Structures are given as C-alpha cells and as structure tokens.
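Notes follow the structure.
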Amino acid sequence: MIKTRFAPSPTGYLHVGGARTALFSLLQARKQGGKFLLRIEDTDVERHQEEAVQRIVDALRWLGIEWDEGVDVGGEAGPYRQSQRLEIYREHVEKLLAGGKAYYAFDTVEELDAMRKQAEAEKRNFRYPRPSPLPSEQDAQQAREQGRPVVVRFLNPMRDVVFDDDVFGRIVTPAAEQDDFVIVKHGGYPTYHLANVIDDALMGVTYIMRGQEFLGQTWRHVLLREAMDFAEPGYGHLPLILDMQGRKLSKRDGDVEVDAFRRSGYLPEALVNFIALLGWNPGEDREKMTLDEMVELFSPQRINKANAKFDRQKLLAFNTDAIAAASEDRLVAALTDFLSLNDTAIPAGDEAVLRHLVQANKGIRTFEDVVAKCEVLFKADDGYEFDPEAVKKVLTRNEKASLAVLHQVRTMLANADWTGEGLEKAFTEFCESKGLGMGKVAQPVRVAVTGTTVSPAIYDTLLILGKDRTLARIDRCLRVAVTD
RNA sequence: GCCCCCAUCGUCUAGAGGCCUAGGACACCGGCUUUUCACGCCGGCGACGCGGGUUCGAUUCCCGCUGGGGGCACCA
C-alpha cells in the first residue's frame, strides 16, 4: 500500500509552497487508496519555533488537508516529531559507524569555511577531504575532551547514483559530484538527510513528494537507504512556486502564508483549488474542482516541470467564484472564522446578523469586502466620518436639490414599514411621486447613513441599521456633513 | 565558479509530428447591465525565446545558444 507524507520543519508559518506539497502528497495517497501522514522535522534547534507546530497543524486543517497518521492524531510508527526520536537515530548511527559506513570528523565551521574559500580561490570544487586513516572511537573521545566539535560523516561509497522521478524523469548524479556529508551534527542531532531517510523507512513511507530544491540532493538519500538496507521509495519532485518577480517564495514573504489568506477573508477551497493548478492540471480545460474531484483526477505524471509564478489576481478570481458557489451556512461559518481573526466593529457572535450580511453581500471577492462595505453600520451613529468627495458628489454639488430630497426621504422613511418589501414599496412610490430615478434618492441616503457611496443595496443597508438609527444618521448628516 | 533542472499569450496552462487560423482561465481594453461598490453578460487584444538539424511536414523529436530557476551547509 502506498503511503505519502508531509514533513515540514517548524520554523515559521505554512506558506503556499508547503501547502501545495502537502496537498499533492494527500492527493497521491488518496488516489492510490493509501495513507498520508504528517511528521514534524524539528532537528534544527537554532531555528525551531514551538508555536509553529500548532500553526502548521491549524493551517493544514483549515485547508481541509487531513492526515491519517502523525502529529496530533497518533499512529503506530510514532512519535511523529523528530526531536522525540533521537534514540532511534542514535541506534542507526551506531550501526553505520560499527559497519564502517560512517566516521567521526572534528573540523570546526571556521576550518571548513577556510577550506571552501581556498577551494574557491583555486577554482576547484570543494569536496570534504576524507581523512586517512579514518578517525577512531578513541580519537572522537579525545576530541570531545579537547572541546572540539564532533560530527559524524557518511562514508560515501562513491559511485554514480541513478534514480527515477515521476516528474523530472531519470536523474543521474556522478560520483564526482558527491562527498562525505554530515549525518550527525555537533551536539548529537541528526541532519535532515539522516533523520528524514530513517523516518520515512520506519514509518513505511513509499512515495516522496517535495520541492525541486531537493532533486539534486536525493543522491544522499539513495545512498543512505542503501547503507541502512531500506527500500527505495518512489519520487515526485515538484517545480517551485515563484513570486510575480520570479523569485523563490520565501518564508519571509509573509503574504504568501496560508494564515495570511485565512485572515484576509479567503475560502480554503479556493486556495486549495488555485494552488493545485500551480504546476498541475487534469488536462482539457477543467479548472474548478473540489478536493474529491482532484483526488479522482490526480496523477504525478501530469505535474509540470517548469516553475510557476503565484498570481494572486487569479486566486482572487477563484475566491470570488468560490464565495458565489458556497452555501449560506458555509459562508456564515467562514465569515465567523474570519471575524474571529480580525478586529472589526461587526458582531462576530451574532449569527442572525452575519446571515443577513451574507445575504446582503452577494458578489464579494473576499470577506474583507464585507468589512469595507458594512463595518460602518455597526459603529456608533456619530462615530463615522463623511467622505468629502462623496458628500460633494451626491449631496452638495446639485445645489440644494439633493438636500431637499434627503429631507423628504427622511419624512418618508419615518413613516415606512421597516421590512424589505415595505422599504422597497416606500422608495418606489417616493421616486414615482417625485419623478426621480432611484439613483437620485438612494445615493443621498447611502451617503447620509454610511458617509460613503459604497454599501450593500440600500434596502439591506437600512434594514441592518434599523429605523431609529437610520433616522438619527440622516439627521446628523443634515446637521453636520453639509455645513462643513 | 561548478553541477543539475526548465522554457507556449503579462500570469496559470491545453497541446505528447499534420486535428493549430495554437484552445481555456486570470489580468488588461471596449461595451452592456445597474440605487453605489462588487458581481454578471458580450466582444477585443495577446504566445510557441533564437539558430541549426531530422522529416513530405515541426509548438511537438535532436543539438547549440540565450534566458530563467535550483543545488553546491553541522538549514531543512
């Protein structure tokens, strides 16, 4: 049975590149009827951020990417955090050492840097010079006593390595490009290469998907597996996701973090759908897909080799469509989540209000649009500004005409039945009796009660506000805005 | 510097020798709709990087160039 995994290191938030790797791994597992697991690779003590673990877990769940095994859900091959598996790595390293497949080394980083510099000066490639004879256990002990750093390096068999990748095809790394790399860091932590290979083997991972940046380093893993007698998994390296300037997305680009999209009012299904299309597509002209549909259509052979740029305009379009397609209940829940992450005047806990907001805000692109158009309705009746441009455009430019209308509308509203139908009837009759278009009537009211020219349909706007607050706002407008 | 990977509209891509007058989506431009914004609808602009081969025929195959990206850590 196939098993895939996502194995992030907790050094920051989950960004879209990682999310796509996780997604494809999930799709591959589901498509083949296998399992998907989540492992945390926290072997970098320096860059480790404990909060990042929970953030990554939350972000994946929000996206709808669920794992069958791993952190937070458990499983037979745990623990699923590398920092809790140190003993396991130690045992394997002992065996490697005893079997003459690895050896100790004592170089300081300064010494290594100097060697690299010299190699560069001499225009040759740096490859770690294997000592002869190899240091013994006694040498290691002595080095430790002298306070020198002690690491373990892999004794490279130095042969050409060949493996097949489902995306990039056959990859060959000549022996001349390899050297004796570090597998245990000073301090006893395993390097990524060692821990990753051991864990994949022990956890039964049979298929590895990861970013293309590892393609040229996979030879290390092939060799390590061979040395420890582990089975070779299948590979599918993913092309990179670049920003619009064509640079590799980095964790420093906070705006490509999954959390940032959640906070900005995106729907996870839109993000997932969009990300899936970065480097993959089901063929034909199909773009909109649910997770289940993607599972059905997925195949690593259809992943492109070329890097893709992350175009947030297209993502925005996907989000607009996803919101338009989502059910009212779904939107109420998502809006609640969005509001819980943002500080606005909109009452996040009032479901009836949120439902009305969802109904009144058809056509929005993100939930931020709800805030932009409706937050003012929840502020104090004297707690909003009048946009001078708006006031000028719809209230004071046409002499006193618009103001006169506003006065009359106020009277009309004071006697109106405050329901959708009631308001519509009142406005329609008013327009007819005055011989005015709806624009001439609705806009002055809108500016009066919101201070701007933008809000939901006028009936919804007034309904959310209620009669008393509407009248109070019109009065304030008449009093304040126009005299300025 | 060395090694590796990649190359179709601005962007994501379809295309696996004739189906291509190169298709779709986003963006952009124009128009329509409209009580504002947004949404929606209709139309338009727009690409096979260059040079050699192979072939009756290349976007599709091969080579070179150019361009872009990645790797060369006691980071993952």
Side-chain angles (χ1 to χ4, degrees), chain A residues 7-11 41-44 46-47 105 107-109 112-113 116 119-121 123-127 149-153 165 167-169 171-174 176-179 181-187 189-193 195-196 210-217 237 239-240 242 244 246-248 274 277-288 304-318 320-321 323-324 361-365 369 372-373 390 393-394 427 431 436-447 450 452-459 461:
Chain A
S9 63
T11 56
E41 307 219 330
D42 52 352
T43 56
D44 185 348
E46 304 277 298
R47 299 197 304 164
D107 316 87
T108 64
V109 274
L112 288 167
D113 278 351
R116 288 196 183 93
E120 195 180 338
K123 293 188 194 299
R124 42 164 245 270
N125 270 333
F126 174 76
R127 297 170 72 201
V150 177
V151 304
V152 178
R153 282 179 183 269
D165 185 275
V167 177
F168 288 95
I171 304 294
V172 181
T173 308
E177 299 299 323
Q178 309 168 22
D179 72 350
F181 55 94
V182 174
I183 57 175
V184 179
K185 302 184 255 188
H186 173 54
Y189 269 72
T191 58
Y192 159 76
H193 305 296
N196 185 272
R210 59 180 21 156
Q212 190 200 151
E213 64 266 32
F214 293 108
L215 190 62
Q217 304 197 64
H237 283 83
L240 269 16
L242 311 173
M244 282 310 273
R247 291 172 308 220
K248 188 182 173 187
F274 176 72
L277 260 15
L278 256 25
W280 173 80
N281 75 81
E284 302 170 30
D285 297 330
R286 184 90 179 268
E287 281 201 324
K288 297 298 161 58
N304 286 309
K305 298 190 190 76
N307 296 336
K309 293 198 176 86
F310 188 81
D311 181 1
R312 54 184 61 242
Q313 289 200 103
K314 182 150 179 168
L315 168 60
L316 225 208
F318 269 54
T320 305
D321 290 349
I323 287 180
N361 281 282
K362 300 280 189 251
I364 52 167
R365 321 254 298 153
D369 290 346
K373 293 164 83 165
K393 187 175 170 196
V394 313
F427 267 96
C431 288
L436 291 168
M438 187 57 99
K440 292 281 181 225
V441 179
Q443 278 304 79
V445 176
R446 192 187 315 277
V447 172
T450 69
T452 73
T453 55
V454 178
S455 86
I458 195 66
Y459 309 131
T461 301

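Every heavy atom of this structure was used, including side-chain atoms; hydrogens, water molecules and symmetry mates were not. Every chain is numbered from 1, with letters handed out A, B, ... down the list of sequences. This is a predicted model, so every value here is computed, not measured.
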By the Watson-Crick or G-U definition, both distances under 3.5 Å, B:C39 is matched with none
Note to self: In whole Å, measure the gap between the C1' atoms of B:G10 and B:A47 for me.
What the structure shows: 10 Å
Between A:Asn281 and B:A14, is there a side-chain N or O to OP1/OP2 distance below 4.0 Å?
yes
Shortest non-hydrogen pair, A:Pro190 vs A:Ala195, comes out as CG-CB, 3.8 Å
Query raised in the report: Checking all strands, does A:Leu277 fall into the base, sugar-phosphate, or nothing category for heavy-atom contacts under 4.0 angstrom?
Result: sugar-phosphate
Query - Touch class at under 4.0 angstrom, heavy-atom based, for A:Glu287 against every strand present - result: base
Considering only the C1' atoms, how many Å lie between B:U54 and B:G70, rounded to the nearest integer? 32 Å
With a 3.5 Å cut-off and just heavy-atom distances, do the side chain of A:Lys373 and the base of B:C37 make a donor-acceptor pair? yes
Query raised in the report: Does A:Lys309 place a side-chain N or O at less than 4.0 Å from the phosphate oxygens OP1/OP2 of B:G68?
Result: no
| Which part of the nucleic acid does A:Lys362 contact within heavy-atom distance under 4.0 Å: base, sugar-phosphate only, or nothing? | base
Q: Just call it for A:Pro149: base, sugar-phosphate, or nothing, with non-hydrogen atoms closer than 4.0 Å on any strand.
A: base
#### Entry: Evaluation steps, side-chain hydrogen bond (donor to acceptor under 3.5 Å, both in side chains), between A:Thr450 and A:Ser455
CA-CA 7 Å; A:Thr450 69; A:Ser455 86; 5.2 Å; no
Residues A:Arg446 and A:Val454: closest non-hydrogen pair is CD-N, 4.0 Å
Regarding the side chain of A:Asn125, the nearest nucleotide among B:G10, B:C75, B:C2 is B:C2
Item to complete: For A:Asp113, answer base if it contacts any base atom (sugar-phosphate contacts may also be present), sugar-phosphate if it contacts only those atoms, and nothing otherwise; contact means non-hydrogen atoms under 4.0 Å.
Response: nothing
query = Taking the same atom, C1', in B:G44 and in B:G51, what whole-Å distance lies between them?
reply = 34 Å
**Asked** Just checking A:Pro174: base, sugar-phosphate only, or nothing, at a heavy-atom cut-off of under 4.0 Å?
**Response** nothing
NA contact type, A:Val151, heavy-atom cut-off 4.0 Å: base, sugar-phosphate, or nothing? base
Taken to the nearest 0.5 Å, the spacing of A:Tyr192 OH from A:Gln217 CD works out to 8.0 Å
Side-chain atoms of A:Asp321 come closest, of B:G40, B:C2, B:A76, to B:G40
Notebook entry, point to check: Contact class for A:Gly211 (heavy atom, under 4.0 Å): base, sugar-phosphate, or nothing?
Noted result: nothing
Check whether any side-chain nitrogen or oxygen of A:Arg153 sits under 4.0 Å from OP1 or OP2 of B:C74, and answer yes or no.
-> yes
The single option from A:Glu213, A:Lys305, A:Arg210 that satisfies side chain to side chain contact (heavy atoms under 4.5 Å, CB included) with A:His237 is A:Arg210
### Query
Reckon A:Ala390 touches a base, only the sugar-phosphate, or nothing at all at heavy-atom distances under 4.0 Å?
nothing
Answer with base, sugar-phosphate or nothing: what part of the nucleic acid does A:Asn196 contact at a heavy-atom distance below 4.0 Å?
-> nothing
Please determine whether a side-chain nitrogen of the Lys or Arg among A:Lys314 and A:Asp311 lies less than 4.0 Å from a carboxylate oxygen of the Asp or Glu. no
Across every strand shown, the nucleotide meeting Watson-Crick or G-U wobble geometry with B:G17 (both distances under 3.5 Å) is none
Suppose we call a contact any N or O donor and acceptor under 3.5 Å apart; does that hold for the side chain of A:Gln217 and the base of B:A76? yes
Taking B:U35, B:G23, B:U11 as options, the one with an atom nearest any side-chain atom of A:Met244 is B:U11
Among B:G70, B:C6, B:U11, the one nearest any side-chain atom of A:Glu213 is B:G70
| task | May I ask you to say whether A:Glu46 pairs ionically with A:Lys185, meaning some side-chain N is under 4.0 Å from a carboxylate O? | result | no
Open item on the list: Using atom C1' in both nucleotides, what's the gap between B:U13 and B:A7 to the nearest angstrom?
Closed with: 14 Å
Check your understanding: Using atom P of each nucleotide, how far apart are B:C3 and B:G57 to the nearest Å?
Key -> 37 Å
Taking the P atom in each of B:C50 and B:U60, what is the distance between them to the nearest angstrom? 11 Å
Suppose you measure atom P in B:C28 against the same atom in B:C20; what distance do you get, rounded to whole Å? 30 Å
Ranking B:A76, B:C3, B:C5 by distance to the side chain of A:Glu177, first place goes to B:C3
Output for pair (A:Asp42 CG, A:Tyr189 OH), nearest 0.5 Å, gives 7.0 Å
Give A:Asn307 one of three labels, base, sugar-phosphate or nothing, depending on what nucleic acid heavy atoms sit under 4.0 Å from its own. sugar-phosphate
Query - Spacing of the P atoms in B:A22 and B:C48 (rounded, Å) - result: 10 Å
For B:C2, the nucleotide meeting Watson-Crick or G-U wobble distances (both under 3.5 Å) is B:G71
Of B:U35, B:C12, B:G69, the nucleotide closest to the side chain of A:Ile458 is B:U35
message = Taking only side-chain N and O atoms of A:Arg365, does any of them lie within less than 4.0 angstrom of OP1 or OP2 on B:C39?
response = yes
- [ ] Give a yes/no on whether any side-chain N or O of A:Arg116 is located under 4.0 angstrom from OP1 or OP2 of B:C74.
- [x] yes
Check: A:Lys314 side chain, B:A25 base, donor-acceptor under 3.5 Å: yes
Query raised in the report: Contact class for A:Tyr189 (heavy atom, under 4.0 Å): base, sugar-phosphate, or nothing?
Result: nothing
Check your understanding: When all nucleic acid strands are considered with a 4.0 Å heavy-atom cut-off, which category describes A:Phe214: base, sugar-phosphate, or nothing?
Key -> base
Report which part of the nucleic acid A:Leu112 touches: base, sugar-phosphate, or nothing (heavy-atom distance under 4.0 Å, all strands).
base
Item to complete: Give a yes/no on whether any side-chain N or O of A:Thr43 is located under 4.0 angstrom from OP1 or OP2 of B:A76.
Response: yes
